[in-house]
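This report refers to the structure that appears directly beneath it.
Side-chain atoms are counted along with the backbone in the values below, which use heavy atoms only and exclude waters and symmetry mates. Naming: A, B, ... by sequence-line order, numbering from 1 per chain.
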Amino acid sequence: MKLEANFMDFKYKVAELLSEASGISSSDLIEKIEIPPQRELGDYAFPCFVLSKSLRKAPHQIAGDLAANPILQAPFLEKVQQVGGYVNFFIKKGEYVKEVLSEVLFEGEQYARSSEGEGKTVLVEFSSPNIAKPFHVGHAFTTVLGHSISRIYEKLGYPVVRMNHLGDYGTQFGKLITAFRLWGDVDALHEAPIKELLRIYVKFHDEEKKNPDLTLRARENFRLLESGNEAEVNLWNEFRELSLKEFALIYDRLGVRFDNYNGESYYSDKIPAVVDMLNEKGLLIESEGAKVVMLDEYKLPPCIILKSDGTTIYASRDIAAALYRYDTYHFHKNIYVVGTPQALHFRQVFSVLDKAGYTFSKDCVHVGFGLVKFADMKFSTREGNIIVLDDLLKESVAKTYDIIKANAELRNTGMSESEIREISEKVGIGAVIYTFVKSGRERDIVFSWDEMLDFEGDTAPYLIYTYARSRSILRKAAEQGIFPAPPESESLLLLSTEEEFAVTRLIAEMPDAIKRAAQSYEPFMIARQTSQIARAFNRFYNNTSILNGTDLHEKEARLALCSAVCTSIAIGTNLLGIDIVERM
RNA sequence: GGGUCUAUAGCUCAGUUGGAUAGAGCAACAGCCUUCUAAGCUGUGGGUCGGAGGUUCGAAUCCUCCUAGGCUCACCA
């Protein structure tokens with residue numbers, strides 16, 4: 001495999017030197033080379049413990065011999081040192097910075113892009129809210145994660161298809177139709193569709209307890225809907241369209257879009273073929289009145305395909321959907337961003353596909369995520385103790401607005417009202433998004449207003465602020481006619497302080513962070529990398545005056561660093577689904 | 001009970017696939033704005049990596065057992 005980026009050459013070069021000195025292949029060595037925990041210990045290190053057996057020498061002795069070997073005295077190295085069982089390599093910082101920044105300045109927003117995914121279609125199913133139900137913070141988790149994972153795979157060159165598997169089918173629609181005919185208000189429905197639908201849905205459940213006849217009517221209405229009766233289908237369609245319209249408002253604010261909204265209803269007519277297929281392959285077994293596929297060889301409980309009343313169930317729908325998707329897209333990967341409570345369900349579905357002989361089952365991935373919950377209780381639509389995403393965004397944007405307004409007065413920035421509103425929207429929403437991608441996805445999130453609306457430290461506003469600050473310097477410099485040093489400029493060699501080097505090294509690690517994020521479906525790895533870049537830059541910013549120096553070349557070099565930082569933060573935040581702003 | 005995930009600073013989390021003195025952010029305390037945006041920066045304190053064994057040069061990381069908790073285990077999705 002060819003190493004893509006230039007700066008990787010440094011690690012590669014170190015491996016080559018070591019290979020020459022030790023006789024071990026450089027591809028084996030490159031795996032072992034690591035970055036020391038402390039700055040004073042150098043930029044790369046090679047632990048010699050593994051060699052001590054074959055060479056029959058103590059690790060520190062091997063390290064000493066290697067460090068003294070003249071082969072390792074390369075021009076790009078400042079020094080090579082033995083510490084304990086390690087050989088530590090010190091890179092000439094200016095050279096390193098020049099090479100990395102040249103790459104970033106040259107590539108711009110294309111930096112860290114890869115073509116590894118060319119022609120390999122990746123499907124990402126995410127968000128998937130239920131029609132007629134409020135969009136709460138739990139839905140935000142899958143939406144934010146799925147959006148980010150989609151962008152990450154696109155960055156690596158994969159064609160991505162975003163799928164919103166809407167919960168738009170099932171017996172609850174029989175209830176909704178019944179309820180709407182009894183108590184529905186057409187004006188209210190158009191005014192605020194989900195609010196009205198939820199109102200009659202809750203009322204239905206209350207009335208149902210007193211009047212069992214409602215249950216029968218709901219069941220009958222669902223039967224009519226399923227058999228394609230016009231009146232019921234039209235009503236269902238209207239509920240669906242109006243709900244989608246309302247969801248679209250949220251998706252627009254989050255910058256999320258989908259390639260299709262094929263929900264459960266879309267796949268329902270494809271289920272009979274699945275049942276036939278399983279039957280023909282002799283996998284369908286009658287058990288306790290239901291039709292199931294036994295999965296003992298996978299050490300899983302049986303998967304129900306048909307209920308004892310002959311109707312379908314979500315497993316059969318997911319199997320039908322997977323088959324349809326493979327036929328349609330011949331996907332390289334089929335990703336489901338769905339909560340971890342459904343882990344078993346997906347293992348069963350993938351196993352049924354495997355048992356039926358579909359080898360693409362190994363390309364199906366369930367990307368689970370934790371629960372969003374309060375400190376003391378669970379979210380529950382029925383109990384009404386949910387937080388609607390809209391309210392959360394509103395709070396966050398309002399708080400951001402206050403801060404920016406205050407800053408605008410304090411600093412006399414002359415920002416217009418509309419500009420302040422625009423910036424608040426982006427920063428406020430970014431803050432909410434960030435809370436979902438700042439740590440490992442499988443962790444539960446204990447919802448707290450304080451934490452959601454904390455704009456200091458490791459947060460989106462911090463990242464955006466750092467970007468805006470850096471942009472501000474670049475603007476000021478441009479006014480003075482000073483511009484960042486171009487790629488390959490000798491001026492870049494002047495950036496050799498610890499702080500400048502630290503920022504650069506973190507920028508250099510970004511492509512690797514993106515790859516690891518893709519492999520593990522963990523956007524937080526990008527969040528962390530971006531946050532580290534911002535922190536390192538702020539340290540530099542605080543201790544170094546960028547524009548007040550005396551040497552023009554030095555100013556240009558530092559501006560180049562500002563520019564590379566902006567590019568990196570822009571790339572990182574974009575992959576998380578967060579917008580940046582030029583001023584704040 | 002079976003499966004599965006988790007347990008790291010007061011709180012929220014990382015820990016690069018087994019490496020050097022376990023790191024960030026909040027919170028606490030002490031500092032830094034006549035200088036490029038203080039949503040920032042610097043410093044201090046804070047740890048039995050849930051517990052006990054084991055594997056080896058070396059373990060927060062791998063294995064076994066134990067403890068506590070989350071999720072889940074056939075006709076909801």
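A:Asn542 comes within contact range of at least one nucleobase, with a heavy-atom separation under 4.0 Å. Residue-level contact check: A:Pro461 touches the bases, meaning some heavy atom is under 4.0 Å from a base atom. Among the atoms of the strands shown, none is found under 4.0 Å from any heavy atom of A:Leu300. Here A:Phe524 lies in heavy-atom contact (under 4.0 Å) with sugar-phosphate atoms only. Contact annotation for A:Arg317: backbone-only contact, meaning every heavy-atom pair under 4.0 Å involves sugar-phosphate atoms and none involves a base. Within the 4.0 angstrom heavy-atom criterion, no nucleotide atom of any strand lies near A:Ala343. Using a 4.0 Å heavy-atom cutoff across all strands shown, A:Tyr465 reaches at least one base atom of the nucleic acid. Nucleic acid contact for A:Asp512: none, since no nucleic acid atom lies under 4.0 Å from a heavy atom of the residue. Among the atoms of the strands shown, base atoms are found under 4.0 Å from some heavy atom of A:Arg411. Nucleic acid contact for A:Leu547: base, since at least one base atom lies under 4.0 Å from a heavy atom of the residue. Contact annotation for A:Ser520: no contact, since no heavy-atom pair falls under 4.0 Å across all strands. Among the heavy atoms of the strands, none lies under 4.0 Å from A:Met525. Nucleic acid contact class of A:Ala513 (heavy atoms, under 4.0 Å, all strands): none. If you check every strand for non-hydrogen atoms under 4.0 Å, A:Ala468 touches a base.
Nucleotide B:C73 holds its C1' atom 14 Å from the CD1 atom of A:Ile313, rounded to whole Å. Regarding A:Asn538, its CG atom lies at a distance of 11 Å from the P atom of B:G25, rounded to whole Å. When rounded to the nearest whole Å, the span between CG of A:Leu463 and P of B:U37 equals 19 Å. Distance, A:Arg441 CZ to B:C5 C1': 12 Å, rounded to whole Å. Distance, A:Ile482 CD1 to B:C36 C1': 11 Å, rounded to whole Å. We find that CD of A:Gln532 is positioned 17 Å from C1' of B:C41, with the value rounded to whole Å. With rounding to whole Å, A:Ile580 atom CD1 is found 16 Å from B:A39 atom C1'. Between A:Glu509 atom CD and B:A14 atom C1' there is a gap of 14 Å when expressed in whole angstrom units.
Between A:Glu554 and A:Arg558, at least one side-chain N (NZ, or NE/NH1/NH2) sits under 4.0 Å from a carboxylate O, which counts as a salt bridge. Ionic pairing of A:Glu499 and A:Arg539 is not present here: no N-O contact between side-chain nitrogen and carboxylate oxygen is shorter than 4.0 angstrom.
Picking from B:A77, B:A20, B:C5 the nucleotide with the shortest atom distance to the side chain of A:Gln38 gives B:A20. For A:Leu344, whose side chain is taken as the heavy atoms from C-beta onward, the closest listed nucleotide among B:A20, B:A74, B:C73 is B:C73. Comparing atom distances between the A:Glu456 side chain and each of B:G40, B:U4, B:C71 picks out B:G40 as nearest. When the nucleotides B:C36, B:U72, B:G70 are ranked by their closest atom to the side chain of A:Ile473, B:C36 comes out on top. For A:Glu442, the side-chain atoms get nearest to B:C5 when compared with the rest of B:A20, B:U37, B:C5. Comparing B:C26, B:A20, B:C41 against the side chain of A:Pro36 picks out B:A20 as the nearest. Nearest to the side chain of A:Leu371, among B:A77, B:C71, B:C36, sits B:C71.
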Taking N or O atoms only and anything under 3.5 Å, show me the protein contacts with nucleotides 9-13 of chain B, one pair per line.
from  : atom 1 : to       : atom 2 : distance (Å)
B:C13 : OP1    : A:Asp444 : O      : 3.3
B:C13 : O3'    : A:Arg443 : NE     : 3.3

Write down the protein N/O and nucleotide N/O pairs, taken from nucleotides 54-58 of chain B, whose separation is under 3.5 Å; answer none if there are no such pairs.
from  : atom 1 : to      : atom 2 : distance (Å)
B:C57 : OP1    : A:Lys53 : NZ     : 3.4

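With a 3.5 Å limit on both pairing distances and Watson-Crick or G-U wobble geometry required, the stems of 3 or more pairs in RNA chain B span B:1-7 with B:67-73, B:10-13 with B:23-26, B:28-32 with B:40-44, B:50-54 with B:62-66.
The structure places CE of A:Met584 at 8.0 Å from OH of A:Tyr465, a figure rounded to the nearest 0.5 Å.
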A:Tyr261/A:His165 under ring pair (Phe, Tyr, Trp, His ring centres under 6.0 Å): CA gap, chis, key distance, verdict:
CA-CA 6 Å; A:Tyr261 292 83; A:His165 192 80; over 10 Å; no
Evaluate the ring pair (Phe, Tyr, Trp, His ring centres under 6.0 Å) criterion for residues A:Phe10 and A:Tyr44: first the C-alpha distance (whole Å), next the side-chain angles of each, then the deciding distance (0.1 Å), finally the verdict.
CA-CA 9 Å; A:Phe10 283 97; A:Tyr44 293 107; 7.7 Å; no
Check the pair A:Arg583, A:Glu419 against salt bridge (charged side-chain N to carboxylate O under 4.0 Å, His left out), reporting the backbone distance first and the verdict last.
CA-CA 9 Å; A:Arg583 303 204 292 166; A:Glu419 191 179 359; 3.2 Å; yes
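At a cut-off of 3.5 angstrom, counting only N and O atoms as typed in the model, there is no donor on one side facing an acceptor on the other between the side-chain of A:Thr459 and the base of B:A39.
For the pair A:Arg443 and A:Phe524, the cation does not sit on the ring face, since its NZ or CZ is not both under 6.0 Å from the ring centre and inside 45° of the axis.
The minimum heavy-atom distance between A:Leu463 and A:Tyr434, with the atom names listed, is CD1-CE1, 3.6 Å.
In terms of position along RNA chain B, the nucleotide closest to A:Gly84 lies nearer the 5' end than the nucleotide closest to the other residue of the pair A:Ile304 and A:Gly84. Mapped onto RNA chain B by nearest heavy atom, A:Ile546 and A:Arg347 fall at different nucleotides, with A:Arg347 at the one closer to the 5' end.
Within a 6.0 Å sphere centred on CD of A:Glu31, other residues, nucleotides and ligands contribute 12 heavy atoms or fewer.
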